[in-house]
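Quick note: residue numbers are just sequence positions, from 1.
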Amino acid sequence: MYTVENGKLETALNAALAATESEREKSAELSVGYDNILNEWTLIIRYNGDGERIRSLSNSFKELYGGYGIIKIKQERIRELSALSEVLYIEKPKRLFYENDIDITPTVIPTGIEDICISSLRSEDAGLYGEGILVAVIDSSVDFTHPAFLDSENRTRIIEIYDEDSETVLTEVEINNILQGENVSDGIRSKAVRFRDVSGHGTAVAGICCGNFADDKNNNIGMATKARILVIKLGTQQEKDFPRTTELMEAIDYAIKKAEQLNMPMVINLSFGNSYGSHDGTGLLETFIDAVATQGKTVIAIGSGNEGASGGHFEGDVTEGGEVEVELFIGIYESSIDVQLWKSYTDIFEIEVIGPSGASSGSINEEQQTGRFLIDGTQVMVYFGEPGPYSVYQEIFFDFTPVNEFLTEGAWTIKITGIEVENGRFDMWLPVSGGLNGYSGFANPTPDTSLTTPSATTKVISVGAYDSFTNSYADFSGRGYTRMTRQIKPDVVAPGVDILTANSGGGLIKRTGTSMAAPFVTGAAAILMEWGIIRGNDPYLYGEKVKAYLIRGAAPIPGIYQYPDPRVGWGRLCVRESLPD
């Protein structure tokens with residue numbers, strides 16, 4: 001066990017350092033970012049200055065835009081790192097999850113496009129197809145052989161695929177050589193293998209935002225069918241093959257620099273997230289995205305997640321001297337669970353954890369800071385954090401790990417007692433449903449404030465999902481508003497149910513989720529930017545201005561009468577009405 005416990009370290013990192021080696025190994029959250037063989041952490045830092053002293057402490061240090069960086073550092077040197085005056089804040093990575101479900105494999109043309117008011121923009125006079133715009137798909141890669149990504153001469157529209165794990169690039173020339181069967185050495189063929197889209201998620205996303213599904217590529221069946229495509233395959237070097245927030249930040253940084261190099265306006269699509277954080281846009285990932293969103297002529301679209309109906313969020317209020325009992329059901333074969341409780345720092349709570357048998361931890365408060373309890377064959381760690389430099393809120397972190405192989409299933413209770421209360425509101429989150437077995441959740445969940453991180457980021461377009469077949473809100477879609485700050489999120493919704501799109505390996509596939517809703521907005525942004533920037537109608541149509549245009553053009557959802565609404569924001573995407581007359 002190694003502790004630092006100061007205000008420069010986020011609560012999850014402090015808790016991870018306070019955990020024993022066994023606790024960390026068994027925890028799905030606390031182990032993320034730590035290499036126990038090398039005794040090395042990969043961390044996110046915010047800093048100022050030239051970074052020279054930071055570099056001297058690290059095994060590697062990658063500088064990102066805006067005073068952010070990714071550092072690899074021995075655990076025993078974290079205390080020295082946090083003591084540097086130029087280091088402002090440190091966080092550990094979090095796992096990312098793709099936000100979609102695969103349904104069936106159909107054989108018809110893609111759906112969703114006919115529902116977003118785009119057909120009138122495809123006349124001979126308008127003909128807006130995202131030409132001159134770079135679309136960055138940061139994901140699981142893209143099947144570059146799929147015909148949806150070829151032009152009328154059967155050449156690729158992908159400028160390159162960058163693989164984070166190997167830090168290598170498959171260039172446009174190499175892709176075209178492979179497609180045409182020309183000048184393809186065994187080395188190139190072998191190299192291309194690492195760029196495969198094994199999950200198919202990135203191919204599906206790219207198909208929606210910029211795939212052309214016409215047999216004759218001079219026709220355009222799709223969204224931004226003439227946009228150029230930059231593909232970044234997220235790194236998954238960890239044992240469980242989950243990309244992390246560190247890889248995401250490096251990928252965004254790479255995309256921004258590539259757009260600058262090419263001098264092209266760019267839309268970035270992010271179709272994944274996690275549930276960690278205060279859901280108010282103040283974590284280092286969100287503030288980094290806010291910073292890079294102002295670089296160049298950039299737009300970033302992010303899915304709001306699929307946690308609206310997952311049972312993973314609970315909102316409560318406690319009075320001074322009062323108690324709230326939060327019931328948490330842990331399902332069968334759950335290997336670990338973490339719970340976050342976020343509250344006002346002015347309020348002082350006592351916590352008690354009660355197992356299915358009635359066994360109790362007894363009361364614990366922030367003066368003890370860390371509590372460890374063996375309850376019903378499950379090890380429970382409770383860690384009281386502190387507010388950080390960028391948030392006035394306090395986190396209490398719970399980590400449940402098994403003594404043997406699995407957690408004890410059944411109804412657990414977290415009792416919260418108000419000792420000194422000024423505000424009283426608190427929020428609790430579980431990991432996203434994709435990281436659980438499907439049976440765990442709060443007994444009385446609150447669907448509001450179920451946005452995933454980083455969709456609560458301010459200077460992005462946060463995209464929820466609606467069912468375009470019934471013209472109704474999709475109940476799985478992550479809902480707003482942001483916690484406490486009440487920022488409007490999602491901004492708009494787009495089709496996200498049974499969407500037909502490109503399948504890795506050829507043909508089409510049907511997918512559901514906000515992962516599939518976000519690229520509709522990505523494609524729409526590329527179309528607006530072509531109209532504004534490339535055609536000279538509005539040279540400043542990027543960033544927040546694109547969001548404003550999309551909000552103004554959004555159409556209502558039947559049955560929802562007041563906007564913005566926490567489920568659908570300002571309404572459903574309508575591209576034509578988002579363009580000025």
Side-chain angles (χ1 to χ4, degrees), residues 99-101 103 110-121 205 208-209 223 269 271 273 279 299 301-310 313 315 445-452 455-456 460-482 486-501 510-525 527-528 544 546-580:
E99 295 168 337
N100 82 117
D101 294 311
D103 295 323
T111 58
I113 293 172
E114 63 271 20
D115 301 299
I116 58 172
C117 324
I118 199 174
S119 58
S120 62
L121 303 178
V205 165
I208 294 169
C209 64
M223 291 285 290
N269 188 92
S271 285
H279 294 70
V299 173
I302 304 179
S304 67
N306 298 340
E307 302 304 303
S310 71
H313 171 240
E315 177 186 326
T446 309
D448 288 347
T449 325
S450 53
L451 302 161
T452 52
S455 66
V460 304
I461 305 172
S462 301
V463 186
Y466 79 99
D467 187 336
S468 58
F469 297 98
T470 61
N471 207 14
S472 61
Y473 165 70
D475 65 353
F476 62 78
S477 181
R479 296 168 58 163
Y481 301 101
T482 58
R486 301 293 291 176
Q487 184 182 352
I488 300 162
K489 294 287 179 181
D491 298 293
V492 294
V493 291
V497 177
D498 291 344
I499 304 302
L500 303 182
T501 183
K510 186 185 290 185
R511 290 183 181 245
T512 290
T514 60
S515 275
M516 303 301 119
F520 279 105
V521 171
T522 298
I527 289 167
L528 264 62
E544 293 286 86
V546 171
K547 184 200 298 185
Y549 277 29
L550 292 175
I551 286 173
R552 185 167 185 170
I557 297 283
I560 298 176
Y561 303 105
Q562 186 172 352
Y563 295 86
D565 178 87
R567 294 164 292 178
V568 301
W570 293 96
R572 63 180 177 86
L573 177 66
C574 182
V575 185
R576 175 62 191 91
E577 295 303 313
S578 298
L579 280 174

Scanning both residues in full, the closest heavy-atom pair of T452 with G303 reads OG1-O, 4.0 Å
Tell me if a side-chain donor or acceptor on N306 pairs with a main-chain N or O of T514 at a distance below 3.5 Å.
yes
Show the nearest heavy-atom pair for residues V546 and A525, with the distance to one decimal.
CG1-CB, 3.9 Å
Tell me, do I118 and R576 make a side-chain contact under 4.5 Å, heavy atoms counted?
no
Between OH of Y466 and CZ of R572, what distance do you get to the nearest 0.5 Å?
5.0 Å
Reported CG-to-OG distance for the pair L451 and S304, which is rounded to 0.5 angstrom
6.0 Å
Check whether any side-chain heavy atom of V497 sits under 4.5 Å from a side-chain heavy atom of F476, and report yes or no.
yes
Rounded to the nearest 0.5 Å, what separation is found between the CZ atom of F469 and the CG atom of D498?
5.5 Å
Output the distance between atom NZ (K547) and atom CG (L528), rounded to the nearest 0.5 Å.
14.5 Å
Under 4.5 Å between any side-chain heavy atoms of S271 and P519, yes or no?
yes
Tell me the closest heavy-atom pair linking L573 and F520, and the distance in Å.
CD2-O, 3.7 Å
Starting at SG of C574, measure out to CD1 of I116 and round the result to the nearest 0.5 Å.
9.0 Å
Side-chain contact test, heavy atoms from C-beta onward, threshold under 4.5 Å: evaluate it for T501 versus V205 and give yes or no.
no
Gap between atom CD1 of I461 and atom CD1 of I551 - 0.5 Å precision:
8.0 Å
My understanding is that only residues two or more places apart in sequence, or in another chain, count here; which of them pass side-chain contact (heavy atoms from CB on, under 4.5 Å) with P566?
D448, Y481
Do the side chains of S462 and D491 get nearer than 4.5 Å, heavy atoms only?
yes
Would you check if R479 and S450 make a side-chain contact, meaning some heavy-atom pair closer than 4.5 Å?
yes
Looking at V521 and A301, what are the two nearest heavy atoms and their distance?
CG1-CB, 4.3 Å
